[in-house]
Chemist: 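I'd like to ask some things about the structure below.
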Amino acid sequence: MKKVVLYTRVSTEEQKENGFSLQDQYKRLVKFSEKEGFKILHHYQEDHSAKNFNRPKWTEFIRDLKEGNISPSFVLCIRPDRFSRNLKESFEQVALLRKYGVELKFLEQNFDDSTPESWFLSLINFAIPQMDNQRRSLNTKRGMRQAKREGRWNGVPPTGYDRIKTEN
């Protein structure tokens, strides 16, 4: 029987408190694990950005792994964007997991680098979330610049001022 660790993640505490993504991710991972006959060792649930791996629960998992407190066959996650939005760090973490005999598995867009062709597809699957983050950042900055050109204040108004929408 293969032993697995479940990893679920959203970007913010607000999403954790008011959204349904974590519950859906967990339910799908448990259902898959039961169907495949996997033994779930632990569930690490995160509410931090995936721009890097400085995340409390991921750090806890790696510490548990290094200290021998947990020895899964693999980490099970819904899809690459729930794991990471940083191409370079994704592959570094995959290498670290492998050092401890752990594979990374996704329900959607499964990671596989056993052949050059499948490695290339995995590279794309890890690059897309980073590209998406960078695109959102550019769009946000452009929108903020345009608002500034139009004389609108970005962010919280200074003390003593209110945000009043004016018609031109």
Side-chain angles (χ1 to χ4, degrees), residues 1-140:
M1 174 181 286
K2 294 211 176 200
K3 298 174 189 170
V4 301
V5 162
L6 307 182
Y7 183 73
T8 57
R9 188 197 64 77
V10 291
S11 297
T12 66
E13 189 171 333
E14 193 274 328
Q15 288 175 321
K16 177 183 174 186
E17 299 301 323
N18 299 319
F20 298 100
S21 178
L22 283 173
Q23 296 91 322
D24 179 63
Q25 289 177 54
Y26 178 73
K27 181 180 176 185
R28 291 176 60 200
L29 293 174
V30 168
K31 185 176 180 181
F32 178 81
S33 297
E34 289 171 349
K35 182 180 138 216
E36 296 295 320
F38 299 149
K39 179 181 179 183
I40 299 170
L41 298 177
H42 196 72
H43 172 221
Y44 295 88
Q45 179 177 286
E46 199 85 70
D47 62 351
H48 281 75
S49 170
K51 290 179 185 175
N52 61 52
F53 281 90
N54 296 329
R55 307 178 216 152
K57 293 298 180 177
W58 184 258
T59 302
E60 178 185 331
F61 165 62
I62 295 300
R63 185 180 62 246
D64 288 346
L65 193 60
K66 287 179 177 179
E67 293 174 356
N69 298 332
I70 197 163
S71 57
S73 301
F74 55 86
V75 175
L76 185 58
C77 190
I78 291 292
R79 61 184 180 270
D81 71 327
R82 297 297 86 204
F83 176 67
S84 175
R85 290 183 176 271
N86 183 313
L87 177 64
K88 178 180 174 270
E89 289 192 18
S90 293
F91 281 105
E92 288 171 351
Q93 292 300 306
V94 168
L96 178 63
L97 291 172
R98 288 201 174 140
K99 178 180 171 183
Y100 291 95
V102 180
E103 294 292 321
L104 178 62
K105 185 173 183 69
F106 298 108
L107 258 58
E108 301 171 12
Q109 305 162 329
N110 193 30
F111 178 83
D112 177 16
D113 63 356
S114 58
T115 67
E117 296 80 10
S118 59
W119 181 88
F120 181 70
L121 291 175
S122 297
L123 179 68
I124 291 170
N125 284 337
F126 276 141
I128 289 172
Q130 180 173 330
M131 180 192 66
D132 180 57
N133 253 21
Q134 291 171 337
R135 170 55 46 208
R136 287 173 196 255
S137 176
L138 281 174
N139 291 347
T140 299

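By convention here, the first residue in the shown sequence is residue 1. Side chains are part of it too, since the values below use all heavy atoms of this structure and drop only hydrogens, waters and symmetry mates. What you are looking at is a predicted structure, and each value in this text was computed from that prediction instead of being measured.
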Chemist: Compare all side-chain heavy atoms of Ser73 with those of Glu103 and state whether any distance is below 4.5 angstrom.
Modeler: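 Ser73 vs Glu103: side chains apart.
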Chemist: Suppose the criterion is salt bridge (Lys or Arg N to Asp or Glu O under 4.0 Å): which pairs have a residue in residues 60-72, not counting sequence neighbours?
Modeler: Lys57-Glu60
Chemist: Are side-chain heavy atoms of Asp24 and Ile78 found at a separation under 4.5 Å?
Modeler: no
Chemist: Can you tell me how far CZ of Arg82 sits from OG of Ser21, rounded to the nearest 0.5 angstrom?
Modeler: 5.5 Å
Chemist: Working to the nearest 0.5 angstrom, can you tell me the gap between Thr8 OG1 and Leu22 CG?
Modeler: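 Separation between the atoms: 5.0 Å.
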Chemist: Nearest 0.5 angstrom please: Asn69 CG to His42 NE2, how far?
Modeler: 10.5 Å
Chemist: Does Phe53 have Arg55 sitting over its ring (NZ/CZ under 6.0 Å from centre, angle to axis within 45°)?
Modeler: yes
Chemist: Suppose we screen for ring-ring contact (aromatic ring centres under 6.0 Å, His included). Which residues come up paired with Tyr26, at least two apart in sequence or across chains?
Modeler: His43
Chemist: Output the distance between atom NZ (Lys51) and atom OG (Ser84), rounded to the nearest 0.5 Å.
Modeler: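 Lys51 atom NZ to Ser84 atom OG measures 12.0 Å (nearest 0.5 Å).
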Chemist: Enumerate donor-acceptor pairs with a distance under 3.5 Å from any side-chain N or O in residues 28-41 to protein atoms, sequence neighbours excluded.
Modeler:
from	atom 1	to	atom 2	distance (Å)
Arg28	NH1	Glu108	OE2	3.1
Arg28	NH2	Glu108	OE2	2.6
Ser33	OG	Leu29	O	2.9

Chemist: Check the angle between the aromatic planes of Tyr7 and Phe83 and answer parallel, tilted or perpendicular using the 30° and 60° thresholds.
Modeler: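 Judged by the thresholds at 30° and 60°, the geometry between Tyr7 and Phe83 is perpendicular.
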Chemist: How long is the span from the CG atom in Leu6 to the CG atom in Leu76, to the nearest 0.5 Å?
Modeler: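 Between atom CG of Leu6 and atom CG of Leu76 there are 6.0 Å.
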Chemist: Verify the ring-centre separation between Phe74 and Phe106: is it less than 6.0 angstrom?
Modeler: no
Chemist: How many angstroms lie between OH in Tyr44 and CD1 in Ile62, if you round to the nearest 0.5 Å?
Modeler: 9.0 Å
Chemist: Is there a donor-acceptor pair under 3.5 Å between the side chain of Gln25 and the backbone N or O of Arg9?
Modeler: yes
Chemist: If you take all heavy atoms of Arg85 and Asp81, which pair is closest and at what distance?
Modeler: NH2-OD2, 3.3 Å
